[in-house]
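Below: the structure, in structure tokens.
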Amino acid sequence: MAADWSSHSPGDSAEEIQAWETLIEDWQQAKAWEQIHAAEVLIALGHGEMVRTQMLAEREAREASPSRIGVWRVLARTARDAGERRHWVQQIEKVFADQAAPDRAQAIETMAKLKETGSPETQRLAREWMESDNLVELFVARWFLVESHDLPVESLFELVRSAKANSRRLGAYALARVGLTDPELLRELADCTDRESDDSVAAPYLVAAALTLSADPGPTDSWRARLVRLTAVAPANAQLEAARAMVQWMSAENAAGLAPQLKAPGVDSRLGAAWVILHAHGRVR
């Protein structure tokens, strides 16, 4: 039986109603990884159990999609107990151990996102990727090994120092999730954020990371304004990343300005706007 996702109250604002309807429509109709992103926004808003129920009911079809790792990530995040979570984590580890699997990078990245240390074999295979010439393989392996306490966080920060914008983007993306407490690295992150030009692919990620990690309280207001400005023109995936930072501080009044993005062509753009609007209106269970 399909879950009942209708959720309106008499006092809901027009943008709140539109945000909820947009989020549910994308959860029901988006494909592959974009649907996983919709699920994760719903989880962040407190609807994990309903997501879990529907994901399990449609599991066979979704596991046959290119986003099977995402399916297991969602089920691990919504598991009812440690044993159930471990089952899904082991499914992910099996993919990473399969040299022929096309989604090995997604598997080890998901281990990092779940903050799972993995088995000794998983850690050994990740260390092999530390020698890779492939940026994505090197990045996800480094991120996983930092999360499993096999590498210091400084190894991820090296990406932020890179001359390549895409490396800086990836470094900021991971650091926002790993966390950063070293005052010198936080100061350097703030400096890197201020130096990054607005037309750089890394800019929204660095600003979002600087805000999430409270890299420097001084420019907080200017960073917030900059992130809102960047979000209006950033690619869809960057808009979703910006939303992750915006939910920490954006008021319902300011979030109303994101309403036009609820009709954006990119699914992640719509999801980011819906997440911020609903969170700002207190729609978090």
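Computation of the quantities below employed the complete heavy-atom set of this structure, encompassing side-chain atoms and omitting hydrogens, waters and symmetry-equivalent molecules.
Between Leu23 and Leu45 the shortest side-chain heavy-atom distance falls below 4.5 Å. The shortest distance between side-chain heavy atoms of Trp143 and Ile108 does not fall below 4.5 Å. No side-chain heavy atom of Val41 sits less than 4.5 Å from a side-chain heavy atom of Asp26. The side-chain heavy atoms of Leu186 and Asp216, taken from C-beta on, include no pair separated by under 4.5 Å. Looking at Arg169 and Leu206, their side chains never come closer than 4.5 Å, going by heavy atoms from C-beta outward. Taking 4.5 Å as the limit, every side-chain heavy atom of Val267 sits out of range of all side-chain heavy atoms of His37. Arg229 has its side chain within reach of Asp198: a pair of non-hydrogen atoms, C-beta onward, lies under 4.5 Å apart. No side-chain heavy atom of Val140 sits under 4.5 Å from any side-chain heavy atom of Met111.
Counting non-hydrogen atoms of other residues, nucleotides and ligands closer than 6.0 Å to NZ of Lys263 gives a total of 12 or fewer. Counting heavy atoms of neighbouring residues, nucleotides and ligands inside a 6.0 Å radius, atom CD of Glu128 exceeds 12 of them.
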Tell me, with the steps shown, if Ser155 and Val146 meet side-chain contact (heavy atoms from CB on, under 4.5 Å). CA-CA 8 Å; Ser155 64; Val146 168; 3.4 Å; yes

Step by step, work out the salt bridge (Lys or Arg N to Asp or Glu O under 4.0 Å) result for Glu158 and Arg161. CA-CA 5 Å; Glu158 289 175 10; Arg161 298 183 179 119; 5.5 Å; no

Can you check side-chain contact (heavy atoms from CB on, under 4.5 Å) on Lys113 and Glu147, steps first, answer last? CA-CA 9 Å; Lys113 285 186 173 181; Glu147 289 285 14; over 6 Å; no

Candidate pair Asp12 and Trp20, rule side chain to side chain donor-acceptor pair (under 3.5 Å), full reasoning: CA-CA 10 Å; Asp12 289 348; Trp20 180 255; over 6 Å; no

Carefully, step by step, assess Asp150 and Thr117 under the rule side-chain contact (heavy atoms from CB on, under 4.5 Å). CA-CA 9 Å; Asp150 198 59; Thr117 59; over 6 Å; no

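Between Phe96 and Trp129, a ring centre-to-centre spacing shorter than 6.0 Å is recorded.
Both Leu56 and Ile43 are members of a single hydrophobic cluster when ILVMFWY side chains are connected at heavy-atom separations under 4.5 Å.
A salt bridge links Glu121 with Arg124: the distance from a Lys NZ or Arg NE/NH1/NH2 to an Asp or Glu carboxylate oxygen falls below 4.0 Å. Arg52 has a carboxylate O that lies under 4.0 Å from a charged side-chain N of Glu49, or vice versa, which qualifies the two as a salt bridge. Using a 4.0 Å cut-off between a side-chain N of Lys or Arg and a carboxylate O of Asp or Glu, Arg85 and Asp81 do not qualify as a salt bridge. Using a 4.0 Å cut-off between charged side-chain N and carboxylate O, Asp98 and Arg104 make no salt bridge. Ion pairing between Glu63 and Arg59 holds under the 4.0 Å rule for side-chain N and carboxylate O.
Counted by atom type alone, Ser269 and Gln239 present one or more donor-acceptor pairs between their side chains at under 3.5 Å. Side-chain contact check for Ser197 and Ser200: no donor-acceptor pair (N or O, by modelled atom type) lies under 3.5 Å. At a cut-off of 3.5 Å, with distance as the only test, a side-chain donor of Arg62 or Gln35 sits close to an acceptor on the other residue.
With Glu84 contributing its side chain and Arg80 its backbone, the two residues share a donor-acceptor pair below 3.5 Å. Without hydrogens or angle criteria, Asn134 side chain to Glu137 main chain gives a donor-acceptor distance under 3.5 Å. Side chain of Glu16 to backbone of Ile277: no donor-acceptor contact under 3.5 angstrom is found. With Glu34 contributing its side chain and Asp268 its backbone, the two residues share no donor-acceptor pair below 3.5 Å. Checking side-chain atoms of Arg77 against main-chain N and O of Glu40 turns up no donor-acceptor pair under 3.5 Å. Between the side chain of Arg142 and the main chain of Leu156, no donor-acceptor pair closer than 3.5 Å is present. Put simply, the side chain of Ser148 gets close to the backbone of Leu145: a donor and an acceptor are under 3.5 Å apart.
Residues Thr193 and Ala210 share a closest heavy-atom pair of OG1-CB, 3.6 Å.
Stacking of Arg73 on the aromatic ring of Trp88 is not recorded, the 6.0 Å distance cut-off and the 45° axial limit not both being met.
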Can I get a per-line list of side-chain donor-acceptor pairs under 3.5 Å for residues 241-252, giving both atom names and the distance, sequence neighbours left out?
| unit_1 | atom_1 | unit_2 | atom_2 | d |
| --- | --- | --- | --- | --- |
| Glu241 | OE1 | Arg177 | NH1 | 3.4 |
| Glu241 | OE1 | Arg177 | NH2 | 2.7 |
| Glu241 | OE2 | Arg177 | NH1 | 3.0 |
| Gln248 | NE2 | Thr212 | OG1 | 3.1 |
| Trp249 | NE1 | Ala245 | O | 3.3 |
| Ser251 | OG | Asn254 | N | 3.2 |
| Ser251 | OG | Asn254 | ND2 | 3.3 |

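Within the structure, ring pair (Phe, Tyr, Trp, His ring centres under 6.0 Å) contacts touching residues 262-285 (residues at least two apart or in different chains) do not occur.
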